[in-house]
Structures are given as structure tokens and as C-alpha cells.
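What follows is a set of notes on a single structure, which appears directly below.
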Amino acid sequence: MLLQQLVNGLMLGSTYALVAIGYALIFGVLRLLHLAHGEVFMVGAFAGLMVSIWLSVGPLGALIGGLVVAALLGMLLELIAFRPIRHRGGNYLAPIVSSVGAGLVIQEIMTKLFGAEQISFPKQFESVVYQLGPIQVSDTQLFIMGIAFTTMFALHVFVTYTRLGTAMRAASENIEVASILGINVNTVVLLSFGIASGLGGIAGVLVGMNFSSISPFMGTDMATKGFAVMLIGGLGSIYGAMAGGLILGIVEVLSVAYLASSYRDAFVFLLMILILLLRPRGLFSAGIEPGR
Amino acid sequence: MGISSIHVRSIPTTRHTKVTTAAMLGAAISAAILPTAVLADVTIGVLIPTSGRASGYGQQMQVAINMFSEKYLDLGKAGKLKLDILDTRGEVPEAINLTRKLIGSDAVAIVGPQLSAEVEVVFPLGVRGQMPIISAMSAKPGLASANQPWSFRYALVSEHDYAPLLDVWLKQNSGIKKVVVLYDAKDAVSAFDGVTVFPDLLKPRGVEVIEKISFQGGDIDFSAQVTRARGLGADGIVLSAFYNDAAQVAKELRKQGMKQPIVANVGVNHPRFVESGGAAVEGVMTASDFHADNPEPAVAAWVAEFKKRFKEEPGNGAALMYDTLVLTQDCIVRQGITGANVAADRVKMRDCWLNMKDREAPLMGKTSIDKGEAVRLPVILQVKGDKFTIVK
Amino acid sequence: MTALLVADAISKRFGGYLALADVGVQIRAGDIHALIGPNGAGKTTLFNIISGVAVPTAGRIAFQGQDYTGRRADQVLAMGVARNFQHVRLFPGLSIVENVMIGCHARMGSLLQELLSYVRLEPRAERDARDRALEVINFVGLQGRIAMLPGELTLVDQRRLEIARALASGPQLLLLDEPAAGMNPSEVNQLDTLIRQIRDSGITVLLVEHHTRLVMAVADRVTVLSAGRVIADGPPSIIQRDEAVITAYLGDSQ
């Protein structure tokens with residue numbers, strides 16, 4: 001039973017991690033919260049659904065659809081909700097407000113297009129269940145975990161071994177020096193939005209598949225959780241977001257399994273407070289210099 | 001979920017957005033052209049939410065009121081029945097104002113308000129003002145019985161729904177001895193049904209509730225709760241939640257290999273439950289006051305008539321309102337209420353409802369009143385194929 | 001010999017304070033050119049203007065005959081003018097080789113071009129950047145420590161690392177802002193050697209330094225600023241005997 005619950009938690013947690021990485025990437029370069037990220041996640045889920053219905057492609061096609069549409073949406077948000085303020089020297093915090101506004105607009109548009117009710121993913125995603133000793137795993141679950149961990153590994157390879165990835169890390173440590181050293185900051189920020197949103201889109205499709213149902217409001221809770229995960233993991237740290245997501249997923253599931261679901265969120269935030277008391281900068285604090 | 005705080009009996013079959021101008025206009029005109037008193041007219045106040053967040057119910061009810069008005073306004077020797085239809089906007093303060101206004105008028109009864117939040121504060125006003133108040137739709141447990149002898153409700157409260165439901169369910173699935181309850185802790189009615197009403201009814205039927213497991217409506221993952229339920233060795237499942245979440249939980253149950261029969265509270269009575277639950281909700285049983293697909297000739301004719309006037313299938317609210325008005329009109333005739341002595345007429349109306357026994361209502365059949373709450377056989381529904389069908 | 005960099009009639013005003021007044025400097029290709037002066041003379045301000053971090057209030061500045069007044073720091077870098085920072089500014093979370101590789105970014109393309117290079121499976125730029133980084137790391141003497149983080153280095157080695165990062169961009173002019181600060185005499189000697197090696201590899205050096213002994217030993221030419229004005233300009237041997245310089249430095253020469 002515990003093993004099964006751990007599997008449940010890992011699966012839930014891997015989607016939290018994907019969303020939280022998005023926050024971390026954007027926070028890393030801009031030191032700002034992207035408060036429409038939950039809506040990007042939601043649009044990714046819808047895009048995956050639509051692609052799989054219109055083009056009748058399987059789960060992988062849906063994933064690619066969700067990834068591409070979410071990444072484009074994320075980059076569009078950078079261009080209309082963040083960059084203009086940055087370039088005109090607007091208030092440092094103004095993009096937080098503009099991103100909230102963008103999120104509301106996206107949610108409204110999706111509600112108009114698809115209605116406020118939940119929409120079901122097609123039957124083709126309904127799954128076969130395998131019995132592995134005491135654990136039951138469905139092929140959907142295996143797919144979700146496989147994709148989530150593959151995506152995280154790919155991101156790790158990208159930021160570690162590529163020129164652009166190194167540039168992103170440098171910019172997230174000190175954007176001013178990075179700019180002086182010839183890193184095109186606009187490129188890096190745009191790329192960060194693209195990757196962050198693409199991951200959010202993948203998470204949206206995965207959640208939609210697992211839950212086989214999506215709605216224009218599914219991003220709201222996810223946004224809060226993703227943000228909490230980033231705090232637990234360490235502001236701007238992508239590895240912290242990965243670890244924090246898995247921790248949150250497992251803690252949620254265990255608190256449901258051994259306490260009561262009503263206390264789940266309370267327990268999660270209690271955990272967050274404890275971690276922040278012990279490690280005020282999160283589990284994996286990124287390269288944020290004190291005093292910045 | 002906005003609906004969760006309203007505590008209504010059920011959910012209309014489709015979303016209501018546009019105001020049914022034609023229906024409302026029709027009502028306004030018919031009210032205006034009613035002949036003024038030749039004899040003393042009998043007035044009934046009707047409180048419905050035709051605007052505001054619950055306007056979907058109110059607009060359907062208005063259609064039912066129009067249908068009622070065409071058939072039942074002539075009281076013969078007693079003159080005409082006059083309906084004073086007022087819009088509470090679904091708001092508690094407005095419901096209080098309008099109730100006070102009607103208590104001070106010559107109305108002999110108030111049908112409404114409809115939302116439990118309104119009813120909760122309006123029933124005590126009726127007791128104090130000695131005015132019989134009959135809510136057609138509110139179903140939050142205990143409201144009428146706490147405000148006797150002036151308060152009545154026509155919708156079935158949970159226990160009156162679920163007692164016959166469980167009897168049918170247990171008969172169909174003989175051998176159920178242990179059940180696990182899964183309920184939405186975020187919705188007050190679902191939580192109350194899951195924690196109190198179902199267990200209290202299951203115990204005398206010899207069924208043990210092993211555990212009550214809560215989840216949060218609107219959540220994206222119910223795997224942990226289902227895994228927990230799986231280990232308990234239940235042979236039946238009680239599901240208490242709104243249709244969306246209930247469908248997701250059912251899917252997760254089936255996904256994790258739990259094939260036990262499911263009985264669910266009234267929250268699942270919505271086409272979307274079947275749509276989104278698919279094969280996972282096949283066989284799920286629930287109860288309802290009313291079912292628009294009922295092949296019963298009287299009901300089918302009424303539904304056809306309703307659909308001619310309105311773009312949607314009638315929901316529970318409209319049907320409950322229609323029956324409530326018919327029974328109230330019947331009380332006027334039976335008790336010889338004339339509107340001549342309002343205080344005495346109100347007592348007569350109260351007694352009629354108070355002592356109602358096996359009275360035949362046009363849509364929902366034999367109805368009695370026990371401590372202010374209606375008692376009758378609900379419609380037992382079961383998912384078969386792609387829709388709810390009636391279990392005889 | 002023609003001038004590689006010409007700063008002409010540069011003035012810089014901060015509010016009511018005139019930091020630089022009508023300063024003219026010419027740096028010849030292949031020189032180690034030192035810029036000295038007492039505290040508050042305007043050395044760092046001029047340094048920032050040359051590197052594009054600050055914009056002059058008046059005057060023009062040209063590199064290889066091309067006016068670049070008002071260009072951004074990254075554009076100045078791309079032109080071939082690299083710098084270090086007086087207070088070391090490395091990326092603490094990146095390894096030593098990665099810090100240096102960042103210096104190779106000067107000619108980074110647009111997002112689309114960069115992404116296309118991955119699609120076309122052309123990691124050549126990547127490999128080139130790494131090779132170049134390893135080369136300059138060897139050059140400044142940090143070989144064998146490429147996987148360490150900057151925080152694990154001594155301050156002196158951190159300065160070397162910054163110089164390596166600046167060299168990685170392949171500059172023609174290297175601007176060094178007080179590289180000897182905090183060094184002991186033997187470290188200063190090593191720095192002396194390094195600066196000469198840089199010059200000998202064909203890179204012109206502009207050195208802003210307080211350490212007079214180093215400057216007099218290494219510089220081919222010296223410009224002296226005082227109170228925002230050029231008070232002397234010439235080879236070290238002449239500058240050492242200049243009356244105005246001695247007056248300006250009175251009590252401040254060591």
C-alpha cells in the first residue's frame with residue numbers, strides 16, 4: 001500500500017515539478033513571478049486535447065501539440081506582458097501585475113471558446129493496468145512518469161552542456177554581467193519563457209491524460225502548487241523545483257493516505273513553512289547573491 | 001464551485017445564460033390582464049431567483065409557473081387565484097425583504113424562496129409572522145423540521161431520497177456487507193450526505209461503513225484516496241460529490257481495478273456525469289425528485305409541453321415548482337380558502353400542508369408531509385449505456 | 001604607429017560634479033597603456049566610458065577609426081574591447097571553464113539562429129568555445145582547476161579567471177581595472193609577467209592601476225589624470241620626472 005502510494009505521489013509530483021521548473025527558469029532570469037504560468041499550463045492541456053482530436057494523433061502527438069502551443073504562448077507573453085515594461089524602465093514589480101492580467105484574459109478566452117465545464121480527453125488515452133507485485137501501474141501512469149523524467153533529464157543536459165543553456169544559467173546568476181559579456185539578454189529571456197512554458201504545456205497534457213478531463217480553471221491550483229514547490233526547492237533553482245515537486249507530490253499523497261484529505265493542503269504548507277524555517281532559501285538555493 | 005453554497009436539490013441539465021425574455025414577458029402580461037377581484041381573490045406569493053447567480057433555476061421555474069397559470073387559476077366560486085411573483089435575485093437580504101412584504105400583504109401562503117441559504121433565514125420569519133411558507137426546491141437537511149408548524153418543503157431531503165435508493169441498490173447487489181464512503185469535503189451537502197446521511201441509513205440495513213475518505217472537489221488527482229480505499233476490502237462504494245468530481249473518482253476507482261457497485265448522492269444527477277465518466281460510471285445508482293426522461297405518460301406530456309416553451313429540458317426546479325403550486329392550489333380548494341379572512345386562511349393552508357397524506361402530485365406522485373418535509377418515493381436512476389434510466 | 005583607440009574631448013558630469021573634463025587619450029596598438037592618478041581623478045569613469053558601461057556627457061570615442069560613442073557594453077565587447085571588473089564579478093554557480101566559455105558568447109546570434117544550429121546538429125560553435133576557453137585558462141595559469149567553482153579560488157586566481165574570461169572573447173584591446181589590488185609582491189610579479197604575455201600575444205592593454213611600481217615596470221605609455229583632467233602623457237621614464245605628476249601625487253605616491 002505504501003509502495004503504491006509512493007508511485008501515486010511520484011506521478012503527481014513529477015507534474016508539479018514540470019510546472020515549478022517553469023517558475024524557476026523565469027524567476028531565475030528576471031527575478032519575477034510569472035503569474036500567468038498556470039494559464040499557460042491550462043492552454044497546453046487544451047492544445048494537446050485539440051491536436052489529438054483534430055489530427056487524431058496519439059499521446060505523443062498531443063504532447064508535442066501542448067508543448068509547441070504553450071511555448072509559443074509563453075514567448076508571446078514575454079513579448080507583450082514583460083518585455084515592454086522592462087524596456088521602458090517601468091516599475092520593477094509591474095510585470096507581476098501585467099502577468100496576472102494576461103492570465104485572466106487567457107482564462108476568459110478559453111472559457112468563451114470551450115465553456116466553463118470540464119472537457120474529457122478522448123477514450124484512446126484510457127489505460128491498461130499492469131500488476132507489478134503489490135503495485136498497480138497503468139500505461140498512462142508509466143507514460144506520464146517516463147515523459148516527465150525524460151523531459152527533466154533533457155533540460156538538465158541542455159542547461160549543462162549547451163552554449164545557450166550555459167548562457168541561461170549565467171544570466172540567472174547575474175543578468176547585468178551576462179549582458180556586458182555579450183549574452184543577448186532578450187534571447188535568453190525569450191528562450192527561458194519558451195522552455196518554461198513548453199514544460200508547463202507538457203505538464204498540462206500529462207495531467208489531462210491522467211485525469212482524462214480538463215477545464216479552463218485547472219491552472220489556478222496548479223499555479224499555487226508550482227509556486228510553493230519553487231519556494232521549497234529554492235528560488236530560481238531548477239533542480240530544487242524538480243526535487244520540490246516530487247517531495248510535494250509524495251507528501252500530498254501520504255497525507256491523504258494516512259491523515260485526511262481535508263488536512264492535505266494545510267499539511268503541505270506546514271511542510272513548506274518548516275523547510276523555509278530550516279533553510280530560508282529553500283532546499284537548493286540558486287545563485288542569488290545576498291543583498292540583491 | 002458556485003453551486004456548492006446554494007444547497008439546491010439538483011443541477012439543471014444545461015447551463016443557463018440568456019434571460020428568457022419571452023417567458024418573463026408572458027408572465028408579466030398574463031399577470032397584468034388578470035381580472036381584478038370580483039369576489040375576493042386568493043393570493044399566493046411566489047419567490048424565485050429570476051436574476052442573479054441562480055437565475056437558471058428561476059427562469060425554468062417561471063416557465064413552470066406559466067404552465068400552471070394556464071390551468072389552475074380559476075377557483076370557481078372562490079374567484080381567481082392570483083400569483084404575486086417576486087424575484088429574490090438569489091440573495092438573502094432580498095428574500096427577507098420580500099417575505100416581510102408578503103407577510104404584510106393579503107397572500108395566504110408563500111411558495112419559495114428556493115435556495116437553502118434564503119430558506120434558512122426566511123422560515124423563522126414565517127413562524128413568527130404565522131405565514132405558511134413552502135419551498136419547492138431547497139433540500140438542505142433539517143430546515144423545515146426546525147421551523148414547525150409553518151414551514152414546508154416539497155423537495156426530498158437527503159434521507160428521504162437515500163432510504164429508498166439504498167433499498168433498491170442493496171437489493172440489486174445482494175451480499176453488500178461492507179462499504180467505503182468517498183465524499184467531497186469541500187461541498188457542505190456532499191460532505192453531510194457522505195459523513196452522516198448515508199452511514200446513518202446503512203447501519204439499520206446491516207451494512208458496515210469501513211471508512212469515510214474525503215477528497216477536495218476540483219482537485220486534479222484522486223489516486224491516493226482510491227489507493228487507500230482499495231486496501232479496505234469493501235464490497236460496495238458510496239460516492240458523494242458533484243458530477244464532475246464524482247466522474248473522475250469513478251474513473252480512478254475503475255482504473256485501479258475497483259469494480260464494486262457504486263451508489264451516489266444527488267450531486268451526480270447530470271448528463272455530464274455520464275459523458276465524462278464513460279464506461280467507469282456504468283451501473284452507478286442515484287435518486288432524484290424528477291427525471292425528464294421518465295416514460296410515465298403524465299410526466300412525458302408535461303416535459304414535451306415544457307420543451308415547446310423553453311429551449312431546455314426541464315430541470316428538477318421547474319418540476320418541483322409545478323407540483324408545489326398544484327398542491328397549494330389544491331389546498332385552497334379543499335380547505336375552502338376564499339381570501340376573505342387572511343389570518344384564518346393562512347391557518348387553513350398550514351393545516352392542509354401539515355396533514356398532507358398520500359396526496360397525488362401531477363409529476364412526482366403520492367406525497368406526504370412529515371415534520372414539514374416531503375416524503376415520497378424518489379425516482380431511482382441508474383447509468384445504463386450513455387444515460388440515466390429509471391429503475392422500477 | 002596609428003592609434004587603436006581615440007577618446008576625444010570626453011566630459012562626464014554627474015549632477016553638479018564634473019568627473020571628467022575634456023579628456024583626450026590615444027592608445028596605440030600593441031602598447032601596454034597605463035591610466036593612473038590619485039583617488040577621485042576619474043580613472044574608473046573613463047574606463048567605464050571606454051568599455052561602454054557609461055555614456056559620456058560630451059565628446060567622442062572611436063575604436064579603429066570607428067566612432068562607438070553610446071554603444072552598449074555587449075556591442076563594445078563584440079567590437080573587440082573586453083574588460084575585467086574592479087570588484088570581481090564572476091558567475092558563482094558556473095564552473096571555471098563555464099565562466100570562461102561565457103566570455104566566448106560575444107557573437108551570439110538570435111534565438112532562431114542559435115536553435116537552428118542545434119537542429120542542424122552543428123555543435124561546432126560549442127566545441128570551439130570550449131577549446132578557446134581551455135586555451136585561455138592555460139594561458140592565465142589556471143589549468144587543472146577547470147571544474148572548480150569560482151568560490152573555491154583565491155582572490156588572485158579569481159582575478160586571473162576574470163582576465164581569462166575577458167580574453168576568451170578574442171579582444172584586440174583588453175581593459176584591466178586595478179588587477180593588482182590585494183596582491184602580495186610575488187603575485188604582482190606574476191601579474192606583471194601575465195600582462196606582458198598578453199601584450200606579446202598581440203593584444204593591446206589599457207591598465208588602470210594604483211600600484212605605481214607595477215605601472216612603471218610594465219607600461220609602454222602612461223596617462224595621468226587628476227581631478228578629471230589629463231595632466232601628463234608619455235613614457236614612464238618621463239612621467240616619473242614630471243612636476244605636475246609629482247605635485248598631484250604628493251603623499252599619495254606609494
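Residue numbers start from 1 in every chain, and the chains themselves are labelled A, B, ... in the order their sequence lines are given, proteins ahead of strands. Predicted model, so just to flag it, every value in this text is computed and none were measured.
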Subject >> Exercise: identify the closest heavy-atom pair between Glu98(C) and Thr160(A) >> reply: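 In this case the closest contact between Glu98(C) and Thr160(A) is OE2-O, 3.7 Å.
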Subject >> Nearest atoms (heavy-atom pairs only) where Ile102(C) meets Ala170(A) >> reply: CD1-CB, 3.4 Å
Rounded to the nearest 0.5 Å, what's the gap from [atom1] on [X] to [atom2] on [Y]? Could you check?
X         : Y         : atom1 : atom2 : value
Thr166(A) : Leu94(C)  : OG1   : CG    : 6.5 Å
Leu77(C)  : Ile183(A) : CG    : CD1   : 10.5 Å
Arg83(C)  : Leu181(A) : CZ    : CG    : 9.5 Å

Subject >> Side chain proximity check, Val177(A) to Arg165(C), heavy atoms < 4.5 angstrom >> reply: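 Heavy-atom side-chain distance check passes, below 4.5 Å.
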Subject >> Partners passing salt bridge (Lys or Arg N to Asp or Glu O under 4.0 Å) against Asp67(C) (at least two apart in sequence or in another chain) >> reply: Arg60(C)
**OP:** Evaluate whether atom NE2 of His87(C) has more than 12 neighbouring non-hydrogen atoms of other residues, nucleotides or ligands under 6.0 angstrom away.
**Re:** no
Original post:
Checking Val53(C) against chain A: side chain, backbone, both or neither under 4.5 Å from a heavy atom?
Top reply: side chain
